[in-house]
Structure formats: C-alpha cells, structure tokens
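Atoms considered below: every heavy atom in the structure, side chains included; atoms not considered: hydrogens, waters and symmetry mates. Bear in mind that the values here come from a model prediction, so they are computed numbers and not experimental data.
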Amino acid sequence: MRTALRALAAALTICAAAGLMSCGQPNTADDGASHAPATPSNVNYTSDAKLNPYYADSLNVKMKRMAANPDIMKAILSDSVISTDELNELQRRVVGCYADFGLVYVDLGEGQSQIGTASGQPMGPDSTSKADAQCQDLNYQFNVLATTYYQSIRNPDHADLTPYIVQCLQEHGIVGQTYTADDYRRDQKTQTGPVFGKDAFDAQAHACQSDPLNNGSGKLPKEVQSSAR
C-alpha cells in the first residue's frame with residue numbers, strides 16, 4: 001500500500017512539474033467554457049498519459065457519441081495513450097475554431113477554458129452564438145479528453161481517494177476528526193454538509209478534493225489502515 005501511495009504521489013507531482021495549471025478548478029458552464037475575458041496563455045501539455053482500463057473504457061463510451069476529430073480519437077483509443085502531440089493538436093483545433101469568429105479561446109487546464117475577444121471588449125451575443133454553434137462539440141470533446149488526461153496523470157490506477165480527501169479536510173480543520181469517508185459520500189450525494197453545502201465552498205477544501213496527497217500529509221488514513229487488517 002505504501003508503495004502504491006508513493007507512486008500515486010509521484011504521479012501527482014508530474015502534474016505540477018509539467019507546468020499544468022489549475023488542476024481541479026470548478027466548472028463554470030455546461031460545455032466547460034465560461035464567456036469571460038480571456039488571458040493570453042494556453043496550457044502546454046508535456047507528459048503522455050497512459051490510460052488504465054477504467055479510463056480507456058470510460059473515454060471510449062463518451063467518445064462514441066462524438067463525431068469530431070476521428071483521426072485523433074482513433075489513435076488514442078487504439079493504444080490507450082493520450083499523447084502530448086494529440087492533446088496539443090486538439091487544443092490547436094479548438095483555438096483555431098474560435099479564432100475564425102474573432103474570439104480567443106484559452107485552455108486553462110483541467111478541462112477548463114475561457115473565451116474572450118482579442119481586443120478585450122465584451123463579446124456580442126451574435127458572434128458568441130455562431131461560435132458556439134460551430135465549435136461547441138469540438139470544445140466539449142477537448143474538455144472531456146483533457147479531464148481524462150488529468151485524472152489519469154493524478155490517479156493512474158483510479159484508486160478510491162475519498163479517505164485521503166477526508167484526511168486532508170481534517171488536517172486543515174474543515175471537518176471534524178469524527179467525519180468519515182461515508183459521511184463525505186453521503187454529503188456529496190445530497191450536496192449538504194460542511195464540504196458540499198450551499199455556502200460551503202472553500203479554496204482549501206477544493207484543493208483537498210482535487211489533490212489530496214499533495215495538499216495533505218499523504219499518510220495512510222486510519223480508515224484504510226482498518227480495512228487492510
């Protein structure tokens with residue numbers, strides 16, 4: 001278990017070392033893009049992601065419903081690897097699609113993006129609706145792929161990180177020491193409680209949820225120790 005934990009921690013470090021921004025930022029729109037003033041930098045992907053069977057199957061199911069970029073998707077699904085060339089090429093296609101409408105698309109990482117005008121002026125509803133009609137499917141496909149990429153980099157074995165999330169929340173005083181992984185799952189389902197309640201959003205809580213090993217102690221949680229006995 002400790003060996004697996006060290007491997008998972010190393011995978012999490014790759015995300016930071018690769019210069020990937022904003023792992024785990026909250027969604028701001030259904031298609032993964034918020035129509036806000038754009039910033040000038042896109043994430044550059046520098047590490048390939050090998051997909052385990054869970055991620056590969058999940059991506060295969062989602063991508064069967066999407067017709068865009070069959071060349072890239074066929075390559076990814078054939079070898080279960082999201083390569084940097086594939087992801088950066090798909091990013092360029094999304095950027096180019098919005099550029100055709102005079103808009104600047106910025107990939108912020110973790111499947112999140114911003115869209116704005118090159119001048120920084122507010123976008124007109126007409127140009128926005130036309131761009132969305134043409135580029136939305138491509139944008140959604142890229143966001144699904146990028147999200148899967150980050151998940152695979154951070155948690156390559158698709159391990160249950162809930163006990164580590166709870167431990168991180170406890171260490172930062174967001175939940176009490178009696179709060180359990182089952183409590184977390186219940187609150188997540190009902191969207192209530194100290195982490196998921198209506199006014200409960202907290203930057204540190206979000207950090208624990210998106211990267212519990214690097215934002216917490218990374219020690220083996222008591223719940224995991226108990227289940228291993």
- request: Please round to the nearest 0.5 Å and tell me the distance separating atom CG of Asn42 and atom OG of Ser113.
  value: 9.5 Å
query: Are the side chain of Asp187 and the backbone of Gly193 linked by a donor-acceptor contact shorter than 3.5 Å?
result: no
message: Donor-acceptor pair, distance only, cut-off 3.5 Å: does the side chain of Asp132 make one with the backbone of Gln136?
response: no
- prompt: Hydrophobic cluster mates of Tyr179, side-chain heavy atoms under 4.5 angstrom, ILVMFWY only, any path?
  reply: Ile165, Val166, Leu169, Ile174, Val175, Tyr184, Val195, Phe196
query: Would you say the side-chain atoms of Gln114 pair up with the backbone N or O of Val106, donor to acceptor, closer than 3.5 Å?
result: no
- prompt: Are side-chain N/O atoms of Thr180 and Asp182 paired as donor and acceptor at under 3.5 Å?
  reply: no
query: Is Tyr149 reachable from Leu77 through a run of I, L, V, M, F, W or Y residues, each pair having side-chain heavy atoms under 4.5 Å apart?
result: yes
- request: Check whether any side-chain heavy atom of Val94 sits under 4.5 Å from a side-chain heavy atom of Asp107, and report yes or no.
  value: no
message: Main chain of Ser152, side chain of Lys50: is a donor-acceptor contact present, judged purely on distance under 3.5 Å?
response: no
query: Counting distance only, does the side-chain N/O of Asn139 pair as donor-acceptor with the main-chain N or O of Cys135 below 3.5 Å?
result: no
query: What class does the angle between the rings of Tyr105 and Tyr98 fall in, given that below 30° is parallel, 30 to 60° is tilted and above 60° is perpendicular?
result: parallel
- request: Could you tell me whether a side-chain N or O of Gln141 sits under 3.5 Å from a main-chain N or O of Leu90, the two making a donor and an acceptor?
  value: no
- line: Those residues at least two apart in sequence (or on a different chain) that pass side-chain contact (heavy atoms from CB on, under 4.5 Å) with Asp57 are none
query: Got a second to check how far Asp100's CG is from Lys130's NZ, nearest 0.5 Å?
result: 13.0 Å
- prompt: Just by modelled atom types, is the Ser217 backbone N or O under 3.5 Å from a matching donor or acceptor in the Glu171 side chain?
  reply: yes
task: Report yes if some heavy atom in the side chain of Phe142 is under 4.5 Å from a heavy atom in the side chain of Leu87; otherwise report no.
output: yes
- prompt: His158: what forms a ring-ring contact (aromatic ring centres under 6.0 Å, His included) with it, not counting sequence neighbours?
  reply: Tyr54, Tyr55
- prompt: Hey, quick one: are Leu145 and Val81 part of the same hydrophobic cluster, counting side-chain heavy atoms closer than 4.5 Å, chains of contacts allowed?
  reply: no
query: Hey, is the main chain of Val144 close enough, under 3.5 Å, to the side chain of Thr148 for a donor-acceptor pair?
result: yes
query: Are Gln204 and Cys208 side-chain neighbours, meaning at least one heavy-atom pair lies under 4.5 Å?
result: yes
